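Quick note on labels: first sequence line is chain A, next is B, and so on, each numbered from 1. Note that the structure is a prediction, hence the values are computed from the model and not measured.
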Amino acid sequence: MEIPEYQPKQIEAEVQEYWHQQQSFRVTEDPDKEKFYCLSMFPYPSGQLHMGHVRNYTIGDVISRYQRMQGKNVLQPMGFDAFGLPAENAAIKNQVAPAEWTYQNMAYMKEQLKRLGYGYDWSRELATCRPDYYRWEQWLFTKLVEKGLAYKKMSVVNWDPVDQTVLANEQVIEGKGWRSGAPVERREISQWFIRITDYAEELLADIDKLEGWPDAVRTMQRNWIGRSEGIEIDFKTEQGQAVTCYTTRPDTLLGVTFIAVAAEHPLAKQAAQGSEEIANFIEECKQVASAEAELEKLEKKGKPLGIQVIHSISGEKIDVWVANFVLMAYGTGAVMAVPGHDQRDWEFATKHNLDIKPVITPADGSRLDISEAAYTEYGLCINSGEFDGLDYESAFAAVADHLEQQSLGRRRVNYRLRDWGVSRQRYWGCPIPVVYDEQENVYPVPDDDLPVELPEDVALKGVGSPLTDMPEFLQTHVPGGHAPATRETDTFDTFVESSWYHARFCCPDSDQAMLDQRANYWLPVDQYVGGVEHAVLHLLYARFFHKLMRDIGLIDSDEPFTRLLTQGMVLKDGAKMSKSKGNTVDPQAMIDQYGADTVRLFVMFASPPEQALEWNDDAVAGANRFLRRLWNSVHSNHDYFQAASDLIQFDQAGQARWLSLPQSESAKALRLVVHQLLQRIQRDYAKHHFNTVIAACMEMTNAIEKADQTEPEQAAVCYEALTVITKVLAPIAPHITHVIWQRLAGTTELIDAGWPQVDEQALVSDSIEYVIQVNGKLRGHLKVASSASKDEVEKLVIDDPAVKRYTQDKPIRKIIVVPGRLVNVVC
RNA sequence: GCCCAGGUGGCGGAAUUUGGUAGACGCAAGGGACUUAAAAUCCCUCGGGAUAAUAUCCCGUGCCGGUUCGAGUCCGGCCCUGGGCACCA
């Protein structure tokens, strides 16, 4: 029989059209079926898909299709994270409105996603830049304002003094503005914040529940929240002005030799008024971008303010310094310095010739040496008056009690986590729905006036937001009155939109409420898939928003994502694929050349999903070769399968039913291999080790090709094996398997076909091959009857002539038998 | 600077429920078959070294040390690479 050629372009178009006609991936809530909600992080519409997207979405699609074949009601939606900085940059560069650019990109990328054969329910598509989406986050924000969970305060931004604009951290290159080249300054402006710190305790505690998340991500989130127990201490000036410091080491309180405050601290500002030197220093501190990584790398500098405070216990006078390593956004913006027992303080004190006072000594009695570095371990108090001899815990309690009695301090739980600043001084984002009257009083926009729509037809000049030049947007009235008011021109951080899209996908057309009852059917997301780079920020904000929505009564669940898979980067020549490095591979070109199935297969085969993937053009061709081999194997052996049909038949779910099991040794051996491989495949699918699933399919294909198809029992085993391969490969290469399935089994829909089961009978074998070691070194193999007892195995091994060669005449000291696997003879 | 990962052949990676045959599967490379030729396909070899040898032996999972009958896997100390650090998304 003539074997038809494998033509991916043609069959993929046909199969995709079939799914479209059948509406195969459109789902509704079905209380009788177990639901499975699989979500991949939606893309920013930058123009075209890159390989990172292809990898992310292939992983998500494989999991979705796998779960569907387990009989679940699977929701897999897709949309666009459409607001953001790149649209503004493109607008300036190409003279096109950000909205137009974004909508064009979304249309193109949607076609690419369809071409890859992903099983999305497109009826649920959403884009965050559409008013029917963002009106609900505006609504939620107004509720947060009413509840006091959103508030305004001064905070620092990167300011480009030439372009007169705020820069993102990314736009600051080596301390200079990316366009102007001018040194960036830190500037304080009034911005909106959401009280994520009110939820710090719950966000921390619930990490324990996230058993389906990678431990690395859970650890990073715990550390990011950074709960600590300590005390807050007031140090007062002689005039009674207090400087409050937070410390987790109250046992070192008597070792404080100076206080350091941030440049933005009120005391520093006050001192600057009387001293040009201090004013200059504070100015110097501002000539640095606001990113923490930058600040931490700075040379530690400071100046005495000429202000002294009184030590809360010793009564000594202590100098207050302003220092560039103290962050205003952290704790109280002031730290008590203990150079003897904190390394950074030690370095600062050494440099500025400040006192270093030892107050902790090693508990084991070894000699304290702080001449080269601070001693930062816990120990026993010394030089601390009434606290001498106490260990860390008793000293903590004693100092805290003492300060609380004197009203000079208090126990406090502190978090490293800071409130979430959501204001952005940008145009292409969701307008923050508040207005200000002439006295700067704040009014949240009432529900009936939402959404506050962003004008889309604008020209961008690159200086400031166009909204500030649009009186029709800007000018309004106070809600319910006639007094003139001005709209907020800042927009939300785009992390706000991506913090709740997972919920909106459940009911994207709900126009009476942010979410409706359908959300509780689908939520929480059973499997979330996306890049590790989101391990902290996005994933923490989404967890936070989920709890906000719960507390406002919209949903029942506490956490948004039950399981999380963080996929690795896509590399080429050892570096991350990126335009700037010029090492990108266009997914479209690969799809055009080999088809979507080949690209999907390669991406899943090249490495396990969590690890980095090294792109290799030749290996893509190899993936295509495997699909062709499979295709040819199905078609060339078809006649033999017909001949084997009195041995094996398939039920409606496509499950193999043997009418009489194979009797020949060769067929039984082949079937043992097939079912052993299937066992591995089951295990690896459950663990998301798709690369080894594919390797096992390749091994199975190799085994079939070596078999003698003219022998009916072997042909029947091959037939069974091919149905197994087709099914387990269906989630990965859905088009070719759809067509092959028609050929093999006929009637049932492959996307809903049952999953193949391991036949325990096929795994039974009457002998086991043991690995033989002498003194831990591999010395041979020995076939032993499966029924042999441990003692029998031992005896067989000792008597084995090959083993005798190695043991010589040395007495055998010990024999270790690992049942079914290995024997180690020690002599 | 701080937090989190990862280092296995020429390359991507594999090594079962966390200690039990290191290198599955694929790519590349070399040799051969088929072909007028090429492509495609098929067969063989493929960590390093010693050796006439597909026999046998030694070495080998970033580096140094430890635990164990046995370590890629566990423990201690380093080195290097990658991700995140709150305005890239």
Is any side-chain N or O of [X] closer than 4.0 Å to OP1 or OP2 of [N]?
X	N	value
A:Tyr541	B:A89	no
A:Thr219	B:C4	no
A:Lys814	B:C69	yes
A:Asn775	B:G70	no
A:Asn691	B:A14	yes
A:Lys777	B:C58	yes
A:Arg424	B:C87	yes
A:Arg416	B:C2	no
A:Arg628	B:U41	yes
A:Arg779	B:C57	yes
A:Asn702	B:G26	yes
A:Asn223	B:C4	yes

Touch check for [X], heavy atoms < 4.0 angstrom, all strands: base, sugar-phosphate only, or nothing?
X	result
A:Glu533	base
A:Val536	nothing
A:Leu822	base

Quiz prompt | salt bridge (Lys or Arg N to Asp or Glu O under 4.0 Å) evaluation trace for A:Lys351 with A:Glu299 | solution = CA-CA 11 Å; A:Lys351 187 173 160 191; A:Glu299 187 195 346; 3.0 Å; yes
Exercise. Take the angle between the ring planes of A:Phe42 and A:Tyr501 and call it parallel below 30°, perpendicular above 60°, tilted in between.
Key: parallel
With a 3.5 Å cut-off and heavy atoms only, can you find an N or O donor on one side and an acceptor on the other between the side chain of [X] and the base of [N]?
X	N	answer
A:Gln773	B:G20	yes
A:Gln171	B:C88	no
A:Arg813	B:C69	no

Practice problem: Spell out, as yes or no, whether a donor-acceptor pair under 3.5 Å connects the side chain of A:Thr376 to the backbone of A:Asp342. | Solution: no
Quiz prompt | Integer-rounded Å distance: B:C25 C1' and A:Leu630 CG | solution = 15 Å
Quiz prompt | Verdict with supporting geometry, A:Glu5 and A:Arg628, salt bridge (Lys or Arg N to Asp or Glu O under 4.0 Å) | solution = CA-CA 8 Å; A:Glu5 198 188 337; A:Arg628 279 205 311 271; over 6 Å; no
Quiz item: Since syn is defined as within 90° of 0, does B:U18 count as syn or as anti?
Solution: syn
Quiz item: Which of these nucleotides, B:G13, B:A86, B:C57, is closest to any side-chain atom of A:Leu537?
Solution: B:A86
Quiz item: Would you call A:Arg186 and A:Glu264 a salt bridge, taking side-chain N to carboxylate O under 4.0 Å as the test?
Solution: yes
Quiz item: If we call it a pair only when both distances are under 3.5 Å in a Watson-Crick or G-U wobble match, what pairs with B:A50?
Solution: B:U56
